[in-house]
Undergrad: 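The structure's right below; bear with me while I get my questions together.
Reminder, nothing fancy here: chain letters follow the sequence lines and each chain counts from 1. Quick note: numbers below take in every heavy atom, side chains included, and nothing from hydrogens, waters or symmetry partners.
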2 protein chains.
Amino acid sequence: MAYKYEFARPALTVDCVVFGLDDEGLKVLLIERALEPFRGRWAIPGGFVRVDESLDDAALRELQEETGLKKVFLEQLCTVGTLDRDPRERVVTVAYYALVRLSNHRVQAATDAREALWFAMDDLPTLAFDHDQILESAYERLQAKVRYQPIGFELLPNKFTLRQLQSMYEIILDRELDKRNFRKKILGMGVLTELDEVEADVAHRAARLYRFNKAEYRRLTKQGFNFEI
Amino acid sequence: MAYKYEFARPALTVDCVVFGLDDEGLKVLLIERALEPFRGRWAIPGGFVRVDESLDDAALRELQEETGLKKVFLEQLCTVGTLDRDPRERVVTVAYYALVRLSNHRVQAATDAREALWFAMDDLPTLAFDHDQILESAYERLQAKVRYQPIGFELLPNKFTLRQLQSMYEIILDRELDKRNFRKKILGMGVLTELDEVEADVAHRAARLYRFNKAEYRRLTKQGFNFEI
DNA sequence: CGACTTAGTGTTAAAGTTACACTAACAAAG
DNA sequence: CTTTGTTAGTGTAACTTTAACACTAAGTCG
């Protein structure tokens, strides 16, 4: 009991909603709690913020400690400070969310977590604390975000086909898109570079490969270009 | 020195960017700090979160204590936890923003503030801490928000003219709107009720008065109606 | 009653969005 | 080597939305 303060302080935590994408669909990374409270229940990975690390660092650290996931681009979602959200004491949590390519990230349970697993979005368990609500908010935010920012090029291989790109959007937005309109729109943005290559080893006509042009994307972003899908 | 914890905890504060609207334009409520650090400098009102109050409550309380402002609709903006943002110790702050009708809110400096004043957005002093950045983020968020939500009907009298409504949008968005297009769009949303009344005491043709139809607005919102201006 | 001020109104061109169906390329099977 | 199956790739037309633009109407004031 080493730290003393004149006034009582809420505990401060970070929680990370990590969405993972693969061919099967959109998933979320959850951990099974090894400790009370909610021992044995599934939860969003997260933990206490240390006094000498930034919020972003804390989120990255906790994510790695509990699930093995590294170098994820986390974005702040919101901060929740309801009085009774943690039965132990007053805990305020800063929630983050991220979207990763599932095949790139092998998870592995560690500190404070019995297990870390990807759950399909349509087959989620009831979560500990108020994590259901946080997850729901994160999902809404992700869908809103993907509509006006060409997020998620990091989710595809370096070279990808337009079909792969479209599928990614369809999975995240949870609706079908028109092939021709999608191609028109995405090519019209001018952030894709057409390669002199086609996909290999397919049992049908091979599709052309494209590369995401990051420099061009940044240039357009600065000009306030609208990337709405 | 009454409260002891096993691990060091960051202090937790809330800060409120309150935008005020009147005929002159958009203003921000700032306080002059009465205490160190940054004593004498202007800052966004805010203060420490108590362990037994929610974040929203803390924001409302601090705003009232420091500026006299009550019953403001605050919305969470972001949470900032940079390590050295406060010279005293590690402080994490949850930032809020709000938009109020200036004539409704007489301010008055109180606790920890020497003075509380409205500053025009184009004539701001340098602020304490990282409050310049927080204010800038809040302004961007306000402009983004006003474009797709009919925010700010609370900023007008109960009965208002379309010209008043348009002026409000123009001030917040900081650009001129076409009168006919604006009227078409806003009336087309169906959230305004035309009254059998016109404005009084004007030295020219009197404009028709309208009322905001809150019930209809909520109904449409649930249906995912797009209120983009 | 003339001058002044703001209210109120429609149309058109341009841009963007949506819906929709066929041919091209290639591999695999026979 | 021909047929079959599968996905790639392409254009147009209807519709909707946006943007630009100028005059008459109503009322006050002097």
Side-chain angles (χ1 to χ4, degrees), chain A residues 23 143-144 146-150 156-157 159-171 173-211 220 223-229, chain B residues 23 143-144 146-150 156-157 159-171 173-211 220 223-229:
Chain A
D23 315 322
Q143 291 198 332
V146 83
R147 288 204 66 248
Y148 62 86
Q149 292 217 352
L156 294 174
K159 302 166 180 182
F160 51 84
T161 67
L162 292 184
R163 178 67 235 171
Q164 285 177 292
L165 187 60
Q166 183 179 341
S167 296
M168 189 192 77
Y169 273 97
E170 288 179 334
I171 288 172
L173 292 173
D174 199 23
R175 66 187 169 94
E176 295 197 344
L177 302 172
D178 180 271
K179 179 163 66 156
R180 277 177 290 194
N181 294 337
F182 178 80
R183 294 166 85 95
K184 237 181 297 175
K185 193 143 207 173
I186 207 89
L187 290 176
M189 289 179 188
V191 293
L192 296 189
T193 304
E194 186 176 325
L195 302 175
D196 282 333
E197 246 178 297
V198 293
E199 57 181 344
D201 300 321
V202 284
H204 52 78
R205 175 173 177 181
R208 178 159 303 272
L209 291 171
Y210 290 81
R211 198 167 44 72
L220 290 168
Q223 292 175 19
F225 189 85
N226 182 7
F227 290 102
E228 191 168 324
I229 289 293
Chain B
D23 316 321
Q143 292 198 330
V146 84
R147 288 204 67 246
Y148 61 88
Q149 291 216 352
L156 293 174
K159 302 167 181 181
F160 50 84
T161 67
L162 292 186
R163 178 67 234 172
Q164 285 177 292
L165 188 60
Q166 184 179 337
S167 297
M168 188 191 78
Y169 273 95
E170 288 178 334
I171 288 172
L173 293 173
D174 199 24
R175 65 187 169 94
E176 295 200 341
L177 302 173
D178 180 272
K179 180 162 66 157
R180 277 176 291 193
N181 293 338
F182 178 80
R183 295 165 86 97
K184 237 181 297 176
K185 193 143 207 173
I186 207 90
L187 289 175
M189 288 180 189
V191 292
L192 295 189
T193 305
E194 185 176 327
L195 301 176
D196 282 333
E197 246 178 297
V198 292
E199 57 182 341
D201 301 321
V202 283
H204 52 79
R205 175 173 177 182
R208 179 159 301 272
L209 291 170
Y210 289 82
R211 198 166 45 72
L220 290 168
Q223 292 175 18
F225 189 85
N226 181 7
F227 290 102
E228 191 168 323
I229 289 292

Undergrad: Tell me, do Phe227(A) and Val191(A) make a side-chain contact under 4.5 Å, heavy atoms counted?
TA: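 They are in contact (side-chain heavy atoms under 4.5 Å apart), so the answer is yes.
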Undergrad: For Arg183(B), answer base if it contacts any base atom (sugar-phosphate contacts may also be present), sugar-phosphate if it contacts only those atoms, and nothing otherwise; contact means non-hydrogen atoms under 4.0 Å.
TA: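 Base, at least one base atom sits under 4.0 Å.
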Undergrad: Okay, side chain of Gln164(B), backbone of Thr161(B): is any donor-acceptor separation there less than 3.5 Å?
TA: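 Flag set: sc Gln164(B) to bb Thr161(B) pair under 3.5 Å.
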Undergrad: Which sits closer to the 5' end of DNA chain C, Asp178(B) or Lys185(A), going by the nucleotide each is nearest to?
TA: Asp178(B)
Undergrad: Would you mind reporting whether Gln166(B) and Arg163(B) have side-chain heavy atoms less than 4.5 Å apart?
TA: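 Answer yes - side chains close enough.
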Undergrad: Determine whether Arg147(A) and Gln143(A) make a side-chain contact, defined as any pair of heavy atoms from C-beta on separated by less than 4.5 Å.
TA: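 When only atoms from C-beta onward are counted, Gln143(A) and Arg147(A) do not touch, as no gap falls below 4.5 Å.
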Undergrad: Using whole Å, what does the distance between atom P of nucleotide dA22(D) and atom CZ of Arg180(B) come to?
TA: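 Arg180(B) atom CZ is separated from dA22(D) atom P by 8 Å.
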Undergrad: Heavy atoms under 4.0 Å, any strand shown: does Lys179(A) hit a base, just sugar-phosphate, or nothing?
TA: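 It contacts base atoms.
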Undergrad: Sort me out a list of protein N/O and nucleotides 11-13 of chain C N/O pairs below 3.5 Å, or just none if empty.
TA:
| unit_1 | atom_1 | unit_2 | atom_2 | d |
| --- | --- | --- | --- | --- |
| dT11(C) | O4 | Lys184(B) | NZ | 3.0 |

Undergrad: Quick check: do Leu192(A) and Phe160(A) have side-chain heavy atoms less than 4.5 Å from each other?
TA: yes
Undergrad: For the pair Ile229(B) and Met189(B), evaluate side chain to side chain contact (heavy atoms under 4.5 Å, CB included) and give the outcome as yes or no after the intermediate values.
TA: CA-CA 10 Å; Ile229(B) 289 292; Met189(B) 288 180 189; 4.0 Å; yes
Undergrad: Each nucleotide in nucleotides 24-30 of chain C should get exactly one letter: B, S or -. Can you fill that in based on protein heavy atoms under 4.0 Å?
TA: BBBS---
